[in-house]
There are 2 protein chains.
Amino acid sequence: MGDVWKALADPSRREILVLLRKRDMNAGEIAENFDMSKPSVSNHLNILKQADLVSAEKRGQNVVYSLKTGVFEEIMRLLMSLTDKQED
Amino acid sequence: MGDVWKALADPSRREILVLLRKRDMNAGEIAENFDMSKPSVSNHLNILKQADLVSAEKRGQNVVYSLKTGVFEEIMRLLMSLTDKQED
DNA sequence: TAGACAGTTAGACAATTTTCTAATTATCTA
DNA sequence: TAGATAATTAGAAAATTGTCTAACTGTCTA
């Protein structure tokens with residue numbers, strides 16, 4: 001299981017998540033939004049997948065990526081616990 | 001203004017934040033909690049400061065660090081917006 | 001089934017990041 | 001004021017990360 005925080009550290013990867021918020025997209029559609037080679041985007045998608053922030057489903061010759069929101073809750077929990085001093 | 005996400009990407013820095021959740025600490029006290037040279041810790045503290053995640057106040061020959069929770073809200077807002085699909 | 005298309009893998013390279021030791025600055029106290 | 005203590009700055013080395021091109025795999029369709 002990859003590092004969620006490291007995954008979120010890169011601005012391109014955060015932008016991918018924002019894109020996927022609107023709708024599921026395949027790798028090519030995602031890549032169109034970036035001034036970057038396709039393998040680079042593929043690499044970012046892989047890091048997001050390992051961090052469990054997106055899921056990938058092969059559909060024909062495309063791979064459709066979707067946002068996975070489950071992990072966010074965990075992150076938010078940690079952030080909230082930092083916000084509330086002295087708890088724990 | 002430094003990058004908050006990059007600041008949060010490092011596990012040692014996140015641990016520093018958790019330490020400061022309990023109470024304010026000076027640089028030396030923080031460093032005691034890590035198997036790392038003092039300059040390295042100092043570097044991490046500087047990155048956290050630039051990201052506005054901690055504040056530093058010189059008190060005598062010590063520098064006391066405190067958690068700054070303001071920025072978390074911004075992060076949480078972004079995370080929440082990702083959680084709620086299709087909004088915006 | 002041959003060629004085109006979508007996507008990933010492999011390998012190399014450049015940039016960034018983390019860490020160290022040594023040196024420096026600032027403050028306290030005997 | 002001299003020496004000790006707290007912390008940072010400087011500069012270098014090692015590790016990690018992001019990016020590229022070239023090559024490969026799998027799927028579709030004419």
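Residue numbers begin at 1 in each chain, while the letters A, B, ... track the order of the sequences. Below, all heavy atoms of this structure are taken into account, side chains as well, without hydrogens, waters or symmetry copies.
Checked by atom type and distance alone, the side chain of A/N33 pairs as donor or acceptor with a backbone atom of A/E29 at under 3.5 Å. At least one donor-acceptor pair closer than 3.5 Å links the side chain of B/R13 to the backbone N or O of B/A7. Proximity of a side-chain donor or acceptor of A/D3 to a complementary backbone N or O of A/W5 within less than 3.5 Å is detected.
If you walk DNA chain D from 5' to 3' and mark each nucleotide with an atom closer than 4.0 Å to a heavy atom of chain A, the marks span D/dT17 to D/dC28.
Residue B/M36 contributes atom CE, which lies 5 Å from atom P of C/dT19 at whole-angstrom precision. Protein atom CD1 of A/I30 is 9 Å distant from nucleotide atom P of C/dT8, rounded to whole Å. In this structure, CD1 of B/I16 is placed 14 Å from C1' of C/dT19, rounded to the nearest angstrom. Look at CG on B/L8: it is 14 Å from P on C/dT17, rounded to the nearest Å. Distance CD (B/Q50) to P (C/dT16): 15 Å, rounded to an integer number of Å. Here C/dT24 presents its P atom at 18 Å from NZ of B/K38, a figure rounded to the nearest Å.
Among residues two or more places apart in sequence or in another chain, the side chain to side chain contact (heavy atoms under 4.5 Å, CB included) test is passed with B/I30 by B/I16, B/L20, B/M25, B/F34, B/V41, B/L45, B/Y65. For B/S12, the side chain to side chain donor-acceptor pair (under 3.5 Å) criterion is met by no residue, not counting sequence neighbours. Residues passing the side chain to side chain contact (heavy atoms under 4.5 Å, CB included) test with B/A9 are A/A9, sequence neighbours excluded. In terms of the side chain to side chain contact (heavy atoms under 4.5 Å, CB included) criterion, B/Q61 has no residue partners (sequence neighbours excluded). For A/K49, the side chain to side chain donor-acceptor pair (under 3.5 Å) criterion is met by no residue, not counting sequence neighbours. In this structure, the side chain to side chain contact (heavy atoms under 4.5 Å, CB included) partners of B/L17, at least two apart in sequence or on a different chain, are A/L82, B/L8, B/L48, B/L53, B/V54, B/L67, B/F72. A/S55 meets the side chain to side chain donor-acceptor pair (under 3.5 Å) test with no other residue; sequence neighbours excluded. With sequence neighbours left out, A/E15 forms a salt bridge (Lys or Arg N to Asp or Glu O under 4.0 Å) with no residue at all.
B/V18 and B/V4 fall within a single hydrophobic cluster, where Ile, Leu, Val, Met, Phe, Trp and Tyr side chains are chained together by heavy-atom contacts under 4.5 Å. Linking Ile, Leu, Val, Met, Phe, Trp and Tyr residues whenever their side-chain heavy atoms come within less than 4.5 Å leaves B/I75 and B/I47 in two separate clusters.
When heavy atoms are screened at a 4.0 angstrom cut-off, B/F34 is found touching no nucleic acid atom at all. Backbone-only contact: B/R13 has heavy atoms under 4.0 Å from sugar-phosphate atoms and none from a base.
Taking the side chain as every heavy atom from C-beta outward, B/N26 and B/V63 never approach each other to under 4.5 Å.
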Could you run down the sub-3.5 Å N/O contacts of the protein with nucleotides 9-12 of chain C?
none

So which protein N/O to nucleotides 3-5 of chain C N/O distances come out below 3.5 Å?
{"unit_1": "C/dC5", "atom_1": "O2", "unit_2": "A/Q61", "atom_2": "NE2", "d": "3.0"}

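Residue B/K58 places none of its side-chain N or O atoms closer than 4.0 Å to OP1 or OP2 of C/dA26. Between A/N62 and C/dG7, a side-chain N or O to OP1/OP2 separation shorter than 4.0 Å is present. Distances shown here put a side-chain N or O of B/H44 below 4.0 Å from the OP1 or OP2 atom of C/dT19.
Both A/K6 and A/K49 sit near DNA chain C, but only A/K49 has its closest nucleotide nearer the 5' end.
One axis for each end of the helix from C/dT1-D/dA30 to C/dA30-D/dT1, each built from five base pairs, and the angle between them comes to 10° at 10° resolution.
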